[in-house]
Number of protein chains: 2
Amino acid sequence: MVRRQVSMQDIARNAGVSRSTVSFVLNERTDISIPEETRARVREAARQLGYRPNVMAQSLAKESTNLIGLVTDIASSPFAGGIINGAQQAAWRLGKFLLIVSTEGDPARDEAALEMLLERRVEGLIYATQAHKVVALPSAAREVPTVLAHCVEESGEFPSVLPDEEQGGFTATRHLIEAGHQRIALINLDTAMPAARLREAGYRRALREARIEVDDRMITVGHATANGGFHAARTLLDGGEVPTALFCANDRMAMGAYDAIKEAGLHVPDDVSVVGFDNQEIIAAYLRPALTTVALPFERMGAAAVEVLSSVHGSAGCTPLLVPCPLVKRGSVA
Amino acid sequence: MVRRQVSMQDIARNAGVSRSTVSFVLNERTDISIPEETRARVREAARQLGYRPNVMAQSLAKESTNLIGLVTDIASSPFAGGIINGAQQAAWRLGKFLLIVSTEGDPARDEAALEMLLERRVEGLIYATQAHKVVALPSAAREVPTVLAHCVEESGEFPSVLPDEEQGGFTATRHLIEAGHQRIALINLDTAMPAARLREAGYRRALREARIEVDDRMITVGHATANGGFHAARTLLDGGEVPTALFCANDRMAMGAYDAIKEAGLHVPDDVSVVGFDNQEIIAAYLRPALTTVALPFERMGAAAVEVLSSVHGSAGCTPLLVPCPLVKRGSVA
DNA sequence: CTGAAAGCGCTAACAT
DNA sequence: ATGTTAGCGCTTTCAG
């Protein structure tokens, strides 16, 4: 099964040239002049023998591995999944591979993971989290270019790629305003989360720019679940001033809000319009009517992270790179 | 920034021994007798210099990379995500790394991906798909141990890891029977899919074993969406013989069925019990009441795949390894 | 018990 | 224009 792989040596012998000639030909080095006749002979030998370069040996000699390490807290979450996929695609485009390790939130594994990655001589490191938060990196991260995705580091020494939550909140609210709404309520997340503060800021800016007064009774905080959304929406709907539109800071809460609206004998979107946040496909696309929501740009963040590492983006600066959150229009706004 | 990494040579010099001694000490080789005093000196030098082994060089010398390639059609799907994560965890436990590439369903990339993976000298290959199906593998897959996850290969030459769909259908139906139901309808997927046939087979076996006659009017096929489930359920509910329980062959259809049930003025689970399939967390956990469903064991399939490759499981046979689909009880059955 | 030396597969500076 | 040679960092056989 494991019959020895054919090496450049074999090709050299077969084509009657030296190893270096083979190397030059196979690497298509045009700065070295080798007659086309010889090149053809070498290539033919390589083909016939079924030669496959050994990237590890190349890496060892060139001292460049084309490997990027990606450590994440929970790889199986759809969130991290998006980042991984985006990073993976971008890496592929650049001819690089990703070495992924999921720490399952165990900080001890963070360090072990980093160590293993460094032993494999990764040329860059992406540290991605499921939720937008502040993290502390093991100091070994300093030994290689590192970029954070969907999180920021305490010390502020590392570049990050973040969703532009403020713009997302703005876009959602703006969309509602453009649909003619004036009484727009916000069902926010716990404001300890950076995402909550920023989404609210965007909401406020949109209202302000449209010269709609911000009514604090229209801003509630719910537990980040369908149930939380249900209760928050019910409270709002029972209040004196019934909103005509709801901006929910996540899709799960929007899902609960749908139920509260139905229960109040109202209809989405005719009586109450709803915009969510997160674009959790399975919720958003299958709710009836389908939920208009703001997407977190995971794929693009993943891609941006590897591009920052490969310095496709010029800056190695540490001010976070903000990736826009696009609005996904479906059927819940009228 | 890239000050040359310290090598064994440096340690040898520093500890006043030869490179091979360093190698033996650091690899904790007890078959070579080296006085503890020397060992300590070497270890101390390694620590002081901040030595970090170069796994690539080790691999080159040992001809073993501890790398497993994983190619999948759509890495970002929650399905493939589970497989990737399970495989990742298992690989980590075995001290191996996964090299993941997502082909986005492009067959041309399948082959390119395989080639790149082989150039990196992966020691095994996992080919995972999002949906349970039959695939054709590029012939290069034959050059290295390969196992399929969630799919089977045309030729039947490769081992596979599959969910035990029949047992899943059986378990779901059995659960309904144990809750006292007799009139249990099935809303199935298009029976061209292997999953549909097997789930139905499990359904039939459960009824048969409970000596409940299978009524073909109770078996319908819906489009695999919330809408499909909605319509199928409505048809069933409008029929003469109204079922007291619905087994939906996926959660999306169950979601639609919920709506049909509500619209008919009935309640889940008091009037109609519902069991889904797939355990799409976001649907199942947040539906109200939460959906009892059968989970596809993605993580375990991923883990099993790498274990098969590492021959943790003895057999290198080609009869598929069936991983059980567990029932996840929530609130939709009474 | 330790060290010298060959080799893993490849790159690249230097000769020829 | 082609070949020789010295690495890259490590493992392992074989002498000493």
Side-chain angles (χ1 to χ4, degrees), chain A residues 2-43 45-46 49-67 116 118-123, chain B residues 2-43 45-46 49-67 116 118-123:
Chain A
V2 244
R3 70 179 187 295
R4 209 159 119 313
Q5 294 265 5
V6 338
S7 74
M8 283 195 169
Q9 188 63 265
D10 302 315
I11 300 179
R13 210 172 1 248
N14 194 290
V17 298
S18 78
R19 280 169 39 197
S20 31
T21 304
V22 175
S23 171
F24 292 143
V25 172
L26 263 26
N27 291 338
E28 318 228 12
R29 290 196 42 170
T30 45
D31 49 332
I32 313 282
S33 52
I34 294 177
E36 186 49 45
E37 194 271 322
T38 308
R39 288 181 186 266
R41 196 148 36 90
V42 169
R43 277 194 277 262
L49 296 170
Y51 172 72
R52 187 159 15 228
N54 182 328
V55 176
M56 274 191 321
Q58 288 180 329
S59 297
L60 190 57
K62 284 199 300 198
E63 325 221 290
S64 107
T65 57
N66 282 327
L67 249 26
M116 311 250 52
L118 290 173
E119 289 183 358
R120 294 226 173 227
R121 298 298 187 264
V122 295
E123 295 173 339
Chain B
V2 244
R3 70 179 187 295
R4 211 159 118 315
Q5 294 265 5
V6 338
S7 75
M8 283 194 169
Q9 188 63 267
D10 302 315
I11 300 179
R13 212 174 358 251
N14 194 290
V17 297
S18 76
R19 279 169 39 191
S20 29
T21 304
V22 174
S23 171
F24 294 144
V25 171
L26 263 27
N27 291 336
E28 319 228 15
R29 291 196 41 171
T30 45
D31 50 332
I32 312 282
S33 53
I34 295 178
E36 186 50 45
E37 194 271 322
T38 308
R39 287 181 185 267
R41 198 147 35 90
V42 170
R43 277 194 276 261
L49 296 171
Y51 172 71
R52 187 157 19 224
N54 182 328
V55 176
M56 274 190 323
Q58 288 180 329
S59 297
L60 190 57
K62 284 199 300 200
E63 325 223 286
S64 106
T65 57
N66 281 328
L67 247 27
M116 311 250 51
L118 290 173
E119 289 182 358
R120 295 228 173 224
R121 299 297 186 264
V122 295
E123 295 174 338

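It should be emphasised that the depicted structure is a prediction, and the values quoted were computed from it without experimental measurement. Throughout, a chain's letter reflects where its sequence line sits, starting with A, and its residues are numbered from 1.
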K.L.:
Mapping B:I32 and B:R52 onto DNA chain D by nearest heavy atom, which one lands closer to the 5' end?
P.N.:
B:R52
K.L.:
Given C:dG3, C:dC10, D:dC8, identify the nucleotide with an atom nearest to the side chain of A:L60.
P.N.:
D:dC8
K.L.:
Closest approach to the side chain of B:S7, judged atom by atom: which nucleotide of D:dT4, D:dC10, C:dG9 is it?
P.N.:
D:dC10
K.L.:
With side-chain contact (heavy atoms from CB on, under 4.5 Å) as the criterion, how do B:R121 and A:Q5 come out once you've worked through the C-alpha distance, each side chain's angles and the decisive distance to 0.1 Å?
P.N.:
CA-CA 10 Å; B:R121 299 297 186 264; A:Q5 294 265 5; 4.0 Å; yes
K.L.:
For the pair A:S64 (side chain) and A:S59 (backbone), establish whether a donor and an acceptor sit closer than 3.5 Å, ignoring hydrogens and angles.
P.N.:
no
K.L.:
Report the distance from atom CE of A:M56 to atom P of D:dC10, rounded to the nearest whole Å.
P.N.:
14 Å
K.L.:
B:M8 vs B:Y51, test: side-chain contact (heavy atoms from CB on, under 4.5 Å). Steps then yes/no.
P.N.:
CA-CA 8 Å; B:M8 283 194 169; B:Y51 172 71; 3.5 Å; yes
K.L.:
For B:R39 and C:dC1, give me the distance from atom CZ to atom P, rounded to whole Å.
P.N.:
10 Å
K.L.:
May I have the distance from A:E63 (atom CD) to D:dG7 (atom P), rounded to whole angstrom?
P.N.:
13 Å
K.L.:
Does atom CD (B:E36) have a neighbourhood of more than 12 heavy atoms from anything else shown, all under 6.0 Å?
P.N.:
yes
K.L.:
Mind calculating the distance between CZ (A:R41) and P (D:dA1) to the nearest angstrom?
P.N.:
15 Å
K.L.:
Rounded to whole Å, how long is the line connecting atom CG of B:N54 with atom P of C:dC8?
P.N.:
18 Å
K.L.:
Without decimals, in angstroms, what is the distance between B:L26 CG and D:dG9 P?
P.N.:
15 Å
K.L.:
On DNA chain C, does the nearest nucleotide to B:G16 precede the nearest nucleotide to B:R121 from the 5' side, or the other way round? Give the residue.
P.N.:
B:G16
K.L.:
Give the rounded distance in Å between these two atoms: CD of B:E36 and P of C:dC1.
P.N.:
12 Å
K.L.:
Could you give me the CA-CA distance, side-chain angles and deciding distance for B:L26 and B:I11, then say whether side-chain contact (heavy atoms from CB on, under 4.5 Å) is met?
P.N.:
CA-CA 10 Å; B:L26 263 27; B:I11 300 179; 4.0 Å; yes
K.L.:
With sugar-phosphate meaning primed atoms plus P, OP1 and OP2, does B:S59 contact a base, only sugar-phosphate, or nothing at under 4.0 Å between heavy atoms?
P.N.:
nothing
K.L.:
Measure the CD-OG distance between A:Q9 and A:S18 for me, rounded to the nearest 0.5 Å.
P.N.:
9.5 Å
K.L.:
Treating primed atoms plus P, OP1 and OP2 as sugar-phosphate and everything else as base, which nucleotides of nucleotides 11-16 of chain C get B, S or - for protein heavy atoms under 4.0 Å?
P.N.:
BB----
K.L.:
Please check if any side-chain donor atom of A:S20 sits under 3.5 Å from a side-chain acceptor atom of A:S23, or the reverse.
P.N.:
no
K.L.:
How many whole angstroms separate atom CZ of A:R120 from atom P of D:dC10?
P.N.:
14 Å
K.L.:
Does B:T21 place a side-chain N or O at less than 4.0 Å from the phosphate oxygens OP1/OP2 of C:dG3?
P.N.:
yes
